[in-house]
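Here is the structure we will look at, set down as structure tokens.
Throughout, numbering of the chain's residues begins at 1 and tracks the sequence.
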Amino acid sequence: MDKPVRTSGPVARAVRAVRRWTAVGTTVLTLASGTAVAASAAPAPAAVAGAAGSGTYQQVSDFGSNPGNLAMYSYVPTALPAGAPLVVALHGCTQTANDYYSASGWPKYADLYRFAVVFPQTDSANNSLSCFSWFDSGKDARGRGEAASVVQMVTKAESLYGSDAHRVFVTGLSAGGGLTADLLADYPDVFAGGAVDSGLPAQCATTLGAASGCQNDDQHLTPAQWGDKVRGSDPGYTGPWPRVAIWQGTADYTVRPVNGTELRDQWTDVWGIGQTPSSTQSLPGGTTLTTYDDGGGRPAVALYSVSGMGHGLAVDPGSGPDQCGTTSAYFLGALCSSYYTARFWGLGAAQLPAPGGLAVTGTTAHAVSLSWNAVSGAASYAVYRDGVRVDTGAVTGTTYTDTGVDTSVAHGYAVAAVDSSGTVGARSSAVSAGGRGAPAPTCFTDSNYAQTVAGRAHQSGGLTYANGSGQAMGLWNTFTVHTLEETSPGFYVLADAGCPA
């Protein structure tokens with residue numbers, strides 16, 4: 001890593017002073033301006049206005065093979081604990097990571113809500129206008145180019161900062177918004193949610209020639225056709241899908257408002273929830289919020305339509321809890337979109353308390369069973385082994401068996417409650433399991449009748465079957481004898497050849 005730059009309080013912001021008109025063929029490439037604007041290579045990190053708190057903003061090197069030739073910058077609040085969320089924020093054309101760090105407001109909420117932010121950066125070496133290549137199928141598809149580079153940054157950040165892989169989010173403006181939609185389609189297994197600000201639907205264009213049409217014209221596709229573009233980006237993936245916020249100005253003449261509608265159609269179809277709003281409400285800045293809920297009543301897609309706003313990211317400078325950012329080119333005064341996006345994702349919600357009473361209830365050679373006390377308001381629970389989450393997100397009770405683990409070495413376990421928005425609460429104190437060599441197998445030799453009475457087997461139609469494995473043991477009587485090995489709690493296998501040493 002390069003030397004970190006720390007920021008605290010108001011500082012000076014470097015402003016790009018010169019822009020020139022540029023066109024490539026008949027297609028306007030820029031998506032961060034109503035005109036075509038060129039940008040020079042981005043500068044190194046510097047102290048910039050709008051940055052919040054005293055965390056560390058720095059460039060991160062060696063984050064992977066980097067097929068997209070991007071640069072990685074990050075902002076990490078002071079004393080950020082392991083297991084915090086991660087947000088990826090993509091700048092627009094003619095902008096830099098510094099610009100987005102400075103003016104978007106994301107560092108403020110990183111400090112308040114406790115998460116790290118990665119700011120990917122492209123430059124004029126990749127695109128004359130420093131646009132992310134949302135329209136190039138060689139760069140914005142799963143495993144390719146810029147999309148692959150961004151995911152490599154996520155992996156690096158998870159390693160450096162201990163970020164929670166279940167709470168990674170991506171947002172972007174204009175061309176960065178277009179790539180955000182592509183990333184959500186390409187990597188729904190990586191991103192839990194996204195926000196497309198003045199951007200384009202996923203895979204709207206796959207060539208440069210088609211980009212201008214997507215920006216300016218209705219593509220006349222059905223919601224199912226839009227949804228197919230997402231489903232085709234990672235074939236075979238069936239969910240869960242990212243939760244998507246869409247921000248669109250009604251006076252945007254660079255990325256026309258129809259793109260907001262198309263994004264709405266695309267992601268509601270992917271979720272299978274239709275295009276009938278679940279609720280509509282008015283927000284500050286002339287903003288109308290329309291939400292579309294999943295089957296559990298939780299917003300899956302949200303469309304924020306900002307009346308009279310042109311092309312840019314909605315900000316609202318000020319010190320209030322719902323205010324953020326700095327107004328400048330393509331950072332437009334309305335309301336703080338970063339605040340509303342963070343809350344839509346569930347960031348900043350009050351954390352549930354740590355579960356009490358965590359205990360190890362059983363250990364075998366390859367499994368550890370746990371139990372804990374219920375937490376009011378918990379929709380599910382997260383289970384951690386040695387600091388890494390090991391459950392699949394479906395633990396709704398207060399017990400869990402971790403299988404496929406070597407218990408000849410010691411492991412530390414902790415649990416946390418998860419609320420209905422997906423926000424993970426405080427972790428419990430850790431308990432230790434294993435570490436004294438592989439435990440001796442537990443075997444029981446007895447008649448089929450006795451095994452059944454003891455709860456290690458069951459009978460059906462006069463025949464006996466081992467609990468768990470269901471292996472046939474013969475007649476249910478006192479004369480047929482078998483040895484059963486308990487390989488995990490309540491799971492028995494025949495071991496007549498001898499209980500393993």
Any chance the side chains of [X] and [Y] put a donor and an acceptor closer than 3.5 Å?
{"X": "Trp106", "Y": "Ser338", "answer": "yes"}
{"X": "Ser102", "Y": "Asn98", "answer": "no"}
{"X": "Gln248", "Y": "Ser305", "answer": "no"}

Can you say whether the rings of Tyr340 and Tyr304 are parallel (under 30°), tilted (30 to 60°) or perpendicular (over 60°)?
-> tilted
Please state whether the rings of Tyr113 and Phe115 are parallel, tilted or perpendicular, taking 30° and 60° as the class boundaries.
-> tilted
Reference residue Asp269; test side chain to side chain donor-acceptor pair (under 3.5 Å); the match among Arg231, Gln225, Arg264 | Arg231
Indicate yes or no: at least one non-hydrogen side-chain atom of Val87 is less than 4.5 angstrom from one of Tyr109.
-> no
Side-chain contact test, heavy atoms from C-beta onward, threshold under 4.5 Å: evaluate it for Gln58 versus Tyr73 and give yes or no.
-> no
Less than 6.0 Å separating the ring centroids of [X] and [Y]?
{"X": "Tyr381", "Y": "Trp372", "result": "yes"}
{"X": "Tyr101", "Y": "Tyr57", "result": "yes"}
{"X": "Phe132", "Y": "His91", "result": "yes"}

By side chain to side chain contact (heavy atoms under 4.5 Å, CB included), Ser65 pairs with (sequence neighbours left out) Pro67, Gln152
If you measure from the Lys or Arg side-chain nitrogens to the Asp or Glu carboxylate oxygens, is any gap between Asp189 and Arg142 under 4.0 Å?
-> yes
Pairing of Arg243 and Asp294 as salt bridge, 4.0 angstrom limit | yes
Residues Leu179, Glu146; criterion side chain to side chain contact (heavy atoms under 4.5 Å, CB included); working and verdict = CA-CA 9 Å; Leu179 186 59; Glu146 295 173 2; 4.0 Å; yes
